[in-house]
Protein chains: 2
Amino acid sequence: MATIKEVAALAGVTPTTVTNVLRDRGRVGDATRERVLKVVAAQGYRPNLNARALVERRAPTIALMLGCITNPFYPEFTLQANNAARRHGRFLLVCNTDYEPDGGTRFLADVAGSLSDGILVANNGDLRIDELKAIQATGTPVVISIWEFPDDPPGVPCVAFDSHKAGFIAADHLLELGHHRIGALIGSPKNGIHGGRYQGFRDALRARKVKHVLADARFCSDSFQSGFDAALDLLSAHPDLTALFVSNDLPALGALNAAASLGLNVPDDISIVSVTDIELASQSRPSLTTVAIPTAEMAEQSVELLLKLIANAPDVPPVVRTADPVLVKRASTAPVRKS
Amino acid sequence: MATIKEVAALAGVTPTTVTNVLRDRGRVGDATRERVLKVVAAQGYRPNLNARALVERRAPTIALMLGCITNPFYPEFTLQANNAARRHGRFLLVCNTDYEPDGGTRFLADVAGSLSDGILVANNGDLRIDELKAIQATGTPVVISIWEFPDDPPGVPCVAFDSHKAGFIAADHLLELGHHRIGALIGSPKNGIHGGRYQGFRDALRARKVKHVLADARFCSDSFQSGFDAALDLLSAHPDLTALFVSNDLPALGALNAAASLGLNVPDDISIVSVTDIELASQSRPSLTTVAIPTAEMAEQSVELLLKLIANAPDVPPVVRTADPVLVKRASTAPVRKS
DNA sequence: CTGTTAGCGCTTTCAG
DNA sequence: CTGAAAGCGCTAACAG
């Protein structure tokens with residue numbers, strides 16, 4: 001790899017001039033510029049980004065910490081974040097933390113120390129806020145990317161969507177269809193990451209004076225298999241349920257399969273609605289009615305917020321609110337059957 | 001962020017000693033070591049990896065270039081590659097190239113120039129081998145991670161699995177079940193990335209003297225929707241087909257849905273087998289019989305091969321062959337019905 | 001065992 | 001308009 005020195009020598013100038021040409025800095029003579037550019041092209045010279053980072057005290061990458069890249073929501077998010085980062089001339093360092101022995105603490109510190117100028121943290125419901133604050137304190141900005149509680153900020157800058165509304169909209173859709181025996185499958189503990197969605201669901205029922213008891217709910221983890229198991233359990237225990245609210249697409253897809261296993265037709269025997277709208281939601285059979293959250297917007301806003309923080313911009317808001325979630329009607333919900 | 005100088009000052013030593021302590025270079029007195037470690041802990045000091053990379057002429061990351069992270073095979077591969085990289089003390093820089101204006105050429109050059117010590121390229125069937133060679137020529141090792149033709153190496157070090165055998169095994173499974181009217185859905189051009197799988201399929205039929213004509217094949221792209229469309233077309237055109245060989249899981253899942261749309265029961269009316277075994281293959285309804293390729297092994301071997309190349313190890317093989325693909329019987333295939 | 005010196009490749013004052 | 005000099009934070013010789 002050619003260095004700037006070699007390029008400078010070949011062009012008969014000093015490194016300073018090469019930099020000035022490449023970075024479009026001070027005025028360089030047209031002839032000199034030509035000459036330098038010719039050598040740069042001939043040598044295929046590319047500046048060493050590490051060296052540049054060192055002197056500029058600014059890394060070329062931002063990091064994205066996420067729990068598990070194989071959960072299909074994250075690749076979709078990652079893609080958008082990557083694109084946004086690229087648009088701003090940055091590289092995205094994707095950090096999968098699930099398999100780190102210490103849950104990613106060390107990983108985070110290494111990355112934040114030097115490799116990356118800032119950290120995007122995808123909320124997986126298991127955040128260590130104090131650690132994030134410690135990182136912040138060292139001077140590396142941190143943004144939580146997918147915060148579910150816009151009115152209850154975590155004390156770290158974040159991008160939040162209205163999870164309560166998402167749950168509300170989903171439930172309301174079922175109510176509109178005439179359902180009133182509705183089960184709930186929540187992909188987190190009751191007051192965990194999907195707690196806002198669940199609360200929205202309950203508030204929608206209450207608004208229409210439909211009762212919800214804890215016996216009609218199951219709390220599981222955010223996976224296909226877990227949703228399958230929980231749905232099997234719930235639907236067996238309460239055969240009178242005509243609809244299911246699931247807090248996330250992945251367990252909802254599991255629930256879809258569970259219903260089929262029980263010989264229940266979706267949506268004729270049981271309607272299923274969930275939240276998120278990952279790509280798979282449109283590919284299942286039946287396709288999944290779900291409340292889409294603004295994934296792309298969150299990714300973009302997160303990157304932008306982080307870059308503002310890095311640039312030390314004034315008046316950076318502690319919480320960026322995204323657009324509201326929106327119902328995507330597909331084939332897994334239908335009016336309740338008259339019995 | 002504290003620097004090594006500050007730490008050294010606080011501990012009453014020079015930066016050299018701090019380095020020696022931190023890198024376990026020996027030759028440091030116990031008392032001094034203690035003292036340094038205490039300051040390091042107190043300051044939460046972490047070395048600047050960029051500065052280290054600069055002086056060591058060795059970057060802390062390796063890059064993984066891939067077409068589209070949202071194709072579910074890649075997150076699975078990425079996870080394994082990430083874990084392997086981490087085991088070797090490296091960070092994995094994930095580079096999505098599909099949305100780069102120039103197909104990733106510039107991206108590649110930037111990353112290879114300095115950010116990463118080596119490049120892993122996930123084969124998406126659209127490789128620019130000459131560009132990869134050019135990168136290699138600048139001194140940055142390149143490894144192609146998922147090569148399909150072990151006997152036809154690309155001229156760049158690679159990890160290859162036996163795609164021919166994968167196709168052969170899949171076809172053989174259908175033949176064993178008594179099928180002889182078998183359609184083929186190939187997720188690439190005829191001699192494209194899935195060409196080996198297709199050839200294996202045809203060779204298996206020929207070995208059993210079962211005819212295959214091009215009219216029974218469709219070539220599509222490697223996506224759910226594309227598989228859906230192609231299957232719809234193929235199955236409508238040839239209602240006598242009793243089985244389908246699909247070259248990849250993603251289009252196979254589309255085919256599964258297409259069959260359902262046509263009112264065909266899988267596997268009673270039509271058997272479907274494919275190749276890869278992504279996680280979704282076990283979550284579809286019916287679950288997908290498929291020939292598993294050694295994804296995790298490829299990821300690990302790729303990382304190891306790349307690191308050997310980076311370390312300038314002697315006798316590095318130009319092609320690493322993985323274990324053979326293996327049939328995973330699930331619910332999408334069944335014996336042909338007597339007619 | 002510990003310190004001194006030099007330099008990785010680049011950019012940024014500041015002179016000329 | 002161009003160059004000389006200094007230094008980003010770290011590590012590797014080589015002294016002592």
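So that the names make sense, note that chain A is the first sequence line, chain B the second, and so on, each numbered from 1. Note that the structure is a prediction, hence the values are computed from the model and not measured.
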[X] side-chain proximity, nearest of [options]:
X	options	answer
A:T3	C:dG9, C:dG3, D:dC10	C:dG9
A:V28	D:dT2, D:dT11, D:dG3	D:dT2
B:P15	D:dT11, C:dT2, C:dT11	D:dT11
A:L54	C:dT2, C:dG9, D:dC10	C:dG9
B:T32	C:dT2, D:dC10, C:dG3	C:dT2
B:E56	D:dT11, C:dG9, C:dG3	D:dT11
B:T14	C:dC10, C:dT4, C:dG7	C:dT4

ask   = Just wondering, are more than 12 heavy atoms of other shown residues or ligands nearer than 6.0 Å to OH in B:Y99?
value = no
Worked check of salt bridge (charged side-chain N to carboxylate O under 4.0 Å, His left out) between A:R33 and A:D30 = CA-CA 5 Å; A:R33 161 175 287 109; A:D30 280 349; 3.7 Å; yes
inquiry  = Does a side-chain N or O of B:Y45 approach OP1 or OP2 of D:dG9 to a distance below 4.0 Å, or not?
reply    = no
request  = Examine B:R86 relative to B:F91 and say whether NZ or CZ is less than 6.0 Å from the centre of the six-membered ring and inside a 45° cone about the ring axis.
outcome  = yes
So [X], base contact, sugar-phosphate only, or nothing? Heavy-atom distance under 4.0 Å.
X	value
A:T19	base
B:S114	nothing
A:T17	sugar-phosphate
A:T16	base

remark   = Rounded to the nearest 0.5 Å, the CG atom of B:L108 sits from the CG atom of B:L132 at a distance of 6.5 Å
ask   = How long is the span from the CG atom in A:L54 to the CZ atom in B:R52, to the nearest 0.5 Å?
value = 13.0 Å
ask   = Which angle, rounded to 10°, do you find between the first-five-pair axis and the last-five-pair axis of the helix from C:dC1-D:dG16 to C:dG16-D:dC1?
value = 40°
remark   = By ring-ring contact (aromatic ring centres under 6.0 Å, His included), B:F73 pairs with (sequence neighbours left out) none
task = Classify the side-chain pair A:E131/A:T105 by whether it contains a donor and acceptor separated by less than 3.5 Å.
result = yes
